[in-house]
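Notes follow once the structure below has been shown.
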Amino acid sequence: MTRNPLSPYIQQLPVGAIAPQVNQSLSAHPRLVVTAPPGAGKSTLLPLTILQGMPDGKLLMLEPRRLAARQIAERMAAMLGETVGETVGYRVRFDTKVSDRTRIEVLTEGILSRMLIADPTLEGVATVVFDEFHERSLASDTAFALTLEAQQVIRPDLRIVVMSATIDTTALCQALDAPLLESEGRMFPVEIIHDDEANVRNCATQVATAVRKAHRIHTGDILAFLPGQAEIMKCREALADTLGDTAILPLYGMLPPQAQRQAILPSPLGQRKVVLATPVAETSVTIEGVRTVIDSGFCRKMVYDARNGLSHLETVRISADMARQRSGRAGRVCEGVCYRLWSKATELRMDDCRQPEICDADLAPMLLDIAAWGEPDVYRLPWLTPPPQAHVAQARQLLSMLGAVTAEGAITTHGRLLARWPCHPRIAQMLTRAETPSLKALAADIAALLEEKDVLDDMPAADINTRIALLRDGRRRHLTGRWGGIERVAKQYRDMARAAEDNTIPDPHVTGELIAAAYPERIAMQRADGGYRLASGETVALDSGDDLCSCRFLAVASVGTRIFLAAPLSEEAVGDMAQWRPSVFWDSKQLRVVSRNELRLGTLLIDTRPLAAEEASEEATRVICEAAKKDGASMFTLDTAVQRMQQRIATVAEWHPEMALPDVSTPALMARAAVWLPL
C-alpha cells in the first residue's frame, strides 16, 4: 500500500480531525464552510486533503495577500516533498509558478476574476477554495459572486469551500445553504495586557516603546502590528540599536520576496527577532517563534467617496475580530502575551467585525470585470453584500466616460481591451492609449508612480514629471528602496506592453495627455483667483509657489482638497477633448437672453463664440418662458393699469364663479408663460 504523505500532518495538525469529513461533505453537497483558528492547518492540509478526494481537475485556492499565497504554496509543496510549481503552484500579480503537472493553484483574488472572464465555465476546475474569507475584500466578494453564479447556472458539479478563522458562520451557511465543519484547534493561552493608548500621529514611537518593554520582560520573538510601511520604517529607526543583537525585520506587501522570507523564517538558535508588520501578518502567514504580539490597534483602509469619485487611504481603528486574529499569533507554539495599545473603554467601542470592502470601495474595476464576464446588471449576481447603488452609478459613469461600457452597462470593444490589463481601468486606459514604444514606456512609468506611494510626498511640488525624471535618472544607478519598488512595477508594465526601457526626458505636456486619458474628469482649469476647477466641478488648490501655478490647464492624477500629482496640459490638447455646444440662457443680472456657442469640457467653459440668430430664436423663446416662472416680475412691466385690470378680473371671478374666469394674477401668468408668451 502506498504511504499517504499527508498522514503525519493529519496526526499533527488540529484540522486533521475534520480532514476526512471535508471530502465526505463535498461528495454530498456542492458548498461547504470551514472554520479553524490560526495555526490549525486549514490553509495547507485541507486543500491537499480535498485534492486526494478529486479524481481529476484542478483546485483553485484564493488568498487575500500575495505574501500568504507564496508561503502557503511553498508549505504545501514541502508537505508533498516537492518544490513549488509541481503539484502545487501559485499565481499572483506579475509572478507565476505553475506547470503542466500543477493541480493546486494558490491565487490572489483578482487572478480568479480574470480566469472567469477568460472562461466563465472554469473548465478543468473541480473545486474553488476561498481562504481567509472574513477579510471580505472587494476582489474576494466579486470572485465569489461570479463563481457562485457559474456554479448555479452552468457548473453544478463545481465545489466551493469557504474557510475562515473568524466569521459569522450562521449567516454565511444560511446564505449559501451550506453545512459547517469546525476545527477547535490547539491554541495556547494568550495573556492580554492593555498598555498606554497609541494615537495615529505617534503610533510608530509608541510601538517602539512597547517593543523595548516587551523585549526586556519576555523571551522569544516579537511581532508588532503597525498601520503601514511608513510607520514600520519610523518604528525601525526608533528601535535602532536599542535591542542589542536582536534582528529588526520589516514585513509588508511590497517588500521584495526574499526580504519577506527572512522575516518569516525561524530565528537561528539562540537569536531573537522583532518583526514589524502590516496586517499582512494577521492571517495565513506563519511567523515561527513569536511569543509576544504588540498591537498598535490601527490599520490602513481604502475609503471611496461617492461625492467626488475619489479613493483615499485612511488610518482607522481595527475591529474586534482583527484584534483577536492578531493576539492569536502569540499563542501558536506556547503560552504568549499580547500588548494592546488601547484601553478597555476603547475596546468596547470597537466594531465587532470589519466592514466588507464592497461597502465603501471604488467599484469601477469590479463593474468592468463583471461586464467582461457577460453581465451588464451587477445586481443580478448572488452577492453576500450587495454593492451600494450610489457607488455603482459612480463607477458606471466612469466606465462610460472611458468608453468601456454602454449606457446599459454592456461592455464595449474598447472595454474588453481595458479588461485584459491586471490593473485599474484608469491605468489600463492610459496604457491602451499609448500607441508608440516611447509612449508605452512613459505610461508604464506613470502607472508605477501612481500605484506606489509617492516618494516625494514630503515635498510640495506636485509635478509628476519631476518624479519621472528622477526615476529615469536613477535607473542607471540601480534603484533601491522605494524607488526600486517603483521601477519593478514599471518594468512589469513595460513587459506587458512590450516596450523597452526609455530614460529620455519626456515632454511634460505629453505626460499630461496620458494622465488626462486616465482621469478625464480631473482635467483642471485655472480660475481668476489662482485656484483650479476640475472638469467634474470640484474646486481644488495648488500650493502657492508650485511651478505648475503658471499653467492654465492641468491633468490631475492625485487630488484631495489640493492637487498632489499633476502634469501640464496644452490648450490644443484640451481643445481636442472638449466639445462645442450651443447655449441659450437668461441672464438675470442683465435681464436679457444670451446665446452663444460654448467650448466645454465637463463643467469647464474653455471658450465662447457667437451663435447665429436663426439657431437661437426658437430656443430663446423657451428660455424666456422658463425664466418667467422665476424672474417674471422683473422681466415684464406690470404698471398700475395692469394691476387694476388683474384685480377687477379676480373680483368678478370671485363674485361669479359660474363664468370660470382664468386666474390672471402675476404668479399664475408667469407659471403659464409658455402658453401665452409665444403668441
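All residue numbers in this chain count up from 1 along the given sequence.
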Within the structure provided, determine whether [X] and [Y] are in side-chain contact (heavy-atom separation under 4.5 Å).
X: R552; Y: L569; result: no
X: K440; Y: Y493; result: no
X: E132; Y: M163; result: no
X: R420; Y: L417; result: yes
X: L112; Y: T142; result: no
X: R562; Y: V540; result: no
X: V161; Y: L26; result: yes
X: L565; Y: L450; result: yes

Name each donor-acceptor pair under 3.5 Å that joins a side chain in residues 527-535 to protein atoms two or more places apart or in another chain, with its distance.
residue : atom : partner : partner atom : Å
R527    : NE   : D529    : OD1          : 3.4
R527    : NH2  : D529    : OD2          : 2.5
D529    : OD1  : G531    : N            : 2.9
Y532    : OH   : Q526    : NE2          : 3.4
Y532    : OH   : L548    : O            : 3.2
Y532    : OH   : C551    : O            : 2.5

Nearest 0.5 angstrom please: [X] [atom1] to [Y] [atom2], how far?
X: E149; Y: L116; atom1: CD; atom2: CG; result: 11.0 Å
X: C423; Y: M496; atom1: SG; atom2: CE; result: 6.5 Å
X: N597; Y: W580; atom1: CG; atom2: CH2; result: 6.5 Å
X: L384; Y: D141; atom1: CG; atom2: CG; result: 6.5 Å
X: L146; Y: M115; atom1: CG; atom2: CE; result: 13.0 Å
X: M350; Y: D321; atom1: CE; atom2: CG; result: 10.0 Å

Report task. Not counting sequence neighbours, list each pair that qualifies as a ring-ring contact (aromatic ring centres under 6.0 Å, His included) and has a residue in residues 143-168. Result -> F130-F144, F133-F144
Report task. Take R433 and E513 through the salt bridge (Lys or Arg N to Asp or Glu O under 4.0 Å) test and state the conclusion after the steps. Result -> CA-CA 10 Å; R433 295 298 189 200; E513 291 177 28; over 6 Å; no
Judged by atom type as modelled, is there a donor-acceptor pair below 3.5 Å linking the side chain of [X] to the main-chain atoms of [Y]?
X: R155; Y: L122; value: yes
X: T412; Y: A404; value: yes
X: S296; Y: F225; value: yes
X: Y379; Y: P387; value: yes

For [X], all residues meeting side chain to side chain contact (heavy atoms under 4.5 Å, CB included), sequence neighbours excluded:
X: A126; result: M54
X: A567; result: I464, N465, T511, I515
X: E435; result: none

Give a yes-or-no answer on whether the side chains of [X] and [Y] include a donor-acceptor pair shorter than 3.5 Å.
X: E197; Y: T346; result: yes
X: Q429; Y: H414; result: yes
X: D360; Y: H391; result: no
X: Q151; Y: R159; result: no
X: R522; Y: S558; result: no

Query raised in the report: Please walk me through it: do R201 and E231 pass salt bridge (Lys or Arg N to Asp or Glu O under 4.0 Å)?
Result: CA-CA 10 Å; R201 180 172 298 180; E231 289 83 2; over 6 Å; no
Query raised in the report: Is D352 atom CG crowded by more than 12 heavy atoms from other residues, nucleotides or ligands, each under 6.0 Å away?
Result: no
Heavy-atom closest pair, residues [X] and [Y]:
X: R396; Y: P376; value: NH2-O, 3.6 Å
X: L402; Y: A517; value: CD2-O, 3.7 Å
X: V378; Y: W383; value: O-NE1, 2.8 Å
X: P568; Y: L554; value: CA-CD2, 4.0 Å
X: M61; Y: S43; value: CE-O, 3.2 Å
X: A462; Y: L542; value: CB-CD1, 3.9 Å

**Report entry** Within residues 366-376 or reaching into it, pairs that qualify as salt bridge (charged side-chain N to carboxylate O under 4.0 Å, His left out) - sequence neighbours excluded
**Finding:** E375-R380
Query raised in the report: With sequence neighbours left out, which residue pairs that include part of residues 596-607 fulfil the salt bridge (charged side-chain N to carboxylate O under 4.0 Å, His left out) condition?
Result: R596-E598, E598-R600
Query - Residues in salt bridge (Lys or Arg N to Asp or Glu O under 4.0 Å) contact with R340, at least two apart in sequence or another chain - result: E347
Query raised in the report: By salt bridge (Lys or Arg N to Asp or Glu O under 4.0 Å), which residues pair with R114, not counting sequence neighbours?
Result: none
Query raised in the report: So, are E63 and R91 salt-bridged, with charged N and O less than 4.0 Å apart?
Result: no
Report task. Kindly determine whether Q325 and H134 satisfy side chain to side chain donor-acceptor pair (under 3.5 Å), including the steps that lead there. Result -> CA-CA 11 Å; Q325 287 273 8; H134 61 273; 3.2 Å; yes
Report the residues that fulfil side-chain hydrogen bond (donor to acceptor under 3.5 Å, both in side chains) with [X], sequence neighbours left out, ordered by chain and then residue number.
X: T406; value: E408
X: Q152; value: none
X: D119; value: T121

Query raised in the report: salt bridge (Lys or Arg N to Asp or Glu O under 4.0 Å) between R66 and D95: does it pass, once the steps are laid out?
Result: CA-CA 9 Å; R66 281 174 279 183; D95 187 12; over 6 Å; no
**Report entry** Stepwise salt bridge (Lys or Arg N to Asp or Glu O under 4.0 Å) check, E105 with K58
**Finding:** CA-CA 8 Å; E105 294 186 12; K58 284 188 175 183; 2.7 Å; yes
